[in-house]
Amino acid sequence: MFIVAGLVACIEGISLAPGNFHHPGPGFFPFLDGVILIFLASLVFITSFFNKEKASPLWVGTKWYRTIITMGILLSFPFALRLLGFVLSASITMSLLFYHSGLKRWSVIISASVGTSFLCYFIFTILLRSEFPRGLLGLF
Amino acid sequence: MDFGHIFSGIKLVFQFQNLSYCLAGVFIGTLIGVLPGLGPMATIAILLPLCFKIPALSAIILMAGIYYGAQYGGSTTSILVNIPGESGSVITCLDGHPMAKQGRAGPALGIAAFGSFIGASISIIGLMFISKPLAQFALKFGPPEYFSLMCLGLIILTYLGQGSMAKALISAVFGLLLSLVGVDIFSGKPRLIFGIDYLIDGITLTGLMMGLFGVSEVFLKLEYAEESRKREILEGKIKNLLPTLQDWKDSWGSILRGSFTGFFMGMLPGGGVVVSSFLSYGIEKKVSKQPEKFGTGLIQGVAAPETANNAASTSSFITLLSLGIPTNGIMAIILAALVIHGITPGPLFLEKNPDFFWTFIMSMYLGNITLVLLNLPLIPVWVQVLRVPSKILYPLILLFCLIGVYSVRQSTFDILIMIFFGWIGYLMRKYNYEVAPLTMAFVLGPRIEEALRQSLLISRGSLSIFLTRPIAAIFFGIGAILLITSLLPFLKQTKKKMEKFQDDL
């Protein structure tokens, strides 16, 4: 990942005209940064290659798929927010997150979700004067 | 010392708004210090949207309160549950929990609170006396000196990090790269935006911070089953919170040494609560006549690190306010928040904002007094807080992040940025890459680039400017020594491994 990021920075640096030490251009720092990043990331990559026997399994024994599901729920929030407005989208997101985190009784999940959504609505819109979309239904 | 400004500071800190944020900060700080997993960095990142909506003075009072309040709270979890509530309290577990098991949880909590108070007070006094001379000295700094100092800060932060230095350096360089996204201040050309108009103003600080610290923390915790996240809390009533005369006799030396260790370590770029607490524990073991008894429940093993972490959390503001250089990730977030408010810490900060400075100092006095007065009577409440199940806590953190990041600019793109960096932070932590150097580099990035380009323009392209100017040369010399000392063992090990690999083939 870091090697790719470094390569991207180098390409961008070159395309923006890096200039030289006398007259550093807009691409100077991205190029320099990219070169250092590629060097360091390659160093770590090579060392980890020789260290293979010591590497511990990072994904075994963990419920990593829970992270993916949570990310999916979070990614749906901005779209739900535009469509359904603040309170409804927050309530649905919270219900899904509570359920996914281990709460199983739907009565508890729904009341907790609606309660926290209204509480957040109060804090952010009434106290902090933030604005949120009302959604297609024109509710909160 | 300007007594007029001190009195003005006292007056201002007792204004309802500042007082409320001070109390809220120390309360929230203690709360998150008690809760394992959610540290002050994540909390300050989550509360950034709120900090942008309140005056700058209230924002720094709130953020500082969270930072030093967390050091008080962290000890409670270390002592009672044997899990550090906060990274600065990791070492407290070694003697704090055995003390609690021996029925001495009260004195352990008591000495941690009093030690923290003494350490913080000594640091505040230091902050009052050192900030001005340091700022005056920093007036001699030009772009080369600032460039070398910021580089040194990043090198020390990576050098003192917990894992591989190479990985920490990668994290820092990646942070620098992220800071370049947006318009170049010299030429006005957009860089690294890949045709996405939303990125023209750069990556939003709130999205990055909340993603890296708030969201990624929850992502990481969710990987483990609910059963493994349950905590065993020491049952029974906690008695004798006030240390006895013998306890004071045993620990006063440790408190004094911890105060000074924490004070100096907190000021150093890259230093902070973790390093200072470990170092002070090490010093105590060295000076003790019975070093073998450490780890069995010695009160000195609680007093020294708890004093040091609080002293460090306070003294790190000296470097930030006098030089404009953050010494750790939390200071980097606070610096970024101040800059957004139009306040630039640095050598001229004290001269230009005396009321701001002294009110902030007074808020620290007030916050620490409040903490020591409220913390001990509230211990039963904090024990109850520890019982809040993570299945309730984590969704709440995520919702607060979602709404918080949206509320700053009313942009759904910022939510996506936050989730993206939540994922990046999750992967980085999983592969043992520290995220603190990334944060610091991201905040310092524009200033580092500006200082480098200005230095090169001054010297007409000659890099020797960094070696011919004495202050810059000293900073670079220290940085080079640190890099070489950390690189030598690494190169030796790699050579051995390569030889072994060739033999195996």
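Computed from heavy atoms alone, side chains included, the values below leave out hydrogens, waters and symmetry copies.
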Chain A contact via [X] - which portion, at a heavy-atom distance below 4.5 Å:
X        : value
B:Ile415 : side chain
B:Phe194 : side chain
B:Phe186 : neither
B:Val218 : neither
B:Leu452 : side chain
B:Leu416 : side chain
B:Ile54  : neither
B:Met428 : side chain
B:Ser187 : side chain

At what distance, to the nearest 0.5 angstrom, does [atom1] of [X] lie from [atom2] of [Y]?
X        : Y        : atom1 : atom2 : result
B:Lys391 : A:Tyr99  : NZ    : OH    : 12.5 Å
A:Leu97  : B:Leu398 : CG    : CG    : 5.5 Å
A:Arg82  : B:Thr412 : CZ    : OG1   : 3.5 Å
B:Met418 : A:Leu74  : CE    : CG    : 6.5 Å
A:Leu81  : B:Tyr406 : CG    : OH    : 5.0 Å
B:Leu457 : A:His23  : CG    : NE2   : 7.5 Å

Take atom CZ in B:Phe413; do more than 12 heavy atoms of anything else shown fall under 6.0 Å from it?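 Enclosed.
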Please check if the number of heavy atoms outside B:Trp423 that lie under 6.0 Å from its CH2 is greater than 12.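 It does: B:Trp423 CH2 has more than 12 such atoms within range.
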Per-residue contact mode, [X] against chain B (heavy atom under 4.5 angstrom):
X       : value
A:Leu16 : both
A:Leu32 : side chain
A:Phe98 : both
A:Phe39 : neither
A:Ile68 : side chain

Aromatic ring proximity, centroids under 6.0 angstrom, A:Phe2 and B:Tyr433: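 Distance test on ring centres: under 6.0 Å, yes.
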Main-chain N/O of A:Pro26 paired to B:Arg191 side chain as donor or acceptor, under 3.5 Å: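 Pair found, side chain donor or acceptor close to backbone of A:Pro26.
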What closest approach, in Å, do [X] and [Y] show between heavy atoms, and which atom pair accounts for it?
X        : Y        : answer
A:Met94  : B:Leu399 : SD-CB, 3.4 Å
B:Leu192 : A:Glu12  : N-OE2, 2.6 Å
B:Lys167 : A:Val44  : CE-CG1, 4.0 Å

Chain A interface, residue from B:Leu456, B:Ile424, B:Ile419, B:Ile403 that has the most non-hydrogen pairs under 4.5 Å: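 Heavy-atom pairs under 4.5 Å are most numerous for B:Ile403.
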Quick one: of B:Gln410, B:Arg453, B:Lys189, B:Arg460, who has the most non-hydrogen atom pairs under 4.5 Å with chain A?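 Ranked by contacts with chain A, first place is B:Arg453.
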Specify which of A:Thr93, A:Leu40, A:Ile73 makes the most heavy-atom pairs with chain B at under 4.5 Å.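 Between A:Thr93, A:Leu40, A:Ile73, the count favours A:Leu40.
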Heavy-atom pairs under 4.5 Å with chain B are the metric here; pick the option from A:Leu75, A:Val8, A:Ile36 that has the most.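 Heavy-atom pair counts peak at A:Leu75.
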A side-chain contact here means heavy atoms from C-beta on lying under 4.5 Å apart; do B:Ser179 and A:Phe29 qualify?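 No; the side chains remain at least 4.5 Å from each other.
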Here's a test for you: under side chain to side chain contact (heavy atoms under 4.5 Å, CB included), which of B:Asp184, B:Leu176, B:Leu180 qualifies with A:Pro30?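 Among B:Asp184, B:Leu176, B:Leu180, the one meeting side chain to side chain contact (heavy atoms under 4.5 Å, CB included) with A:Pro30 is B:Leu180.
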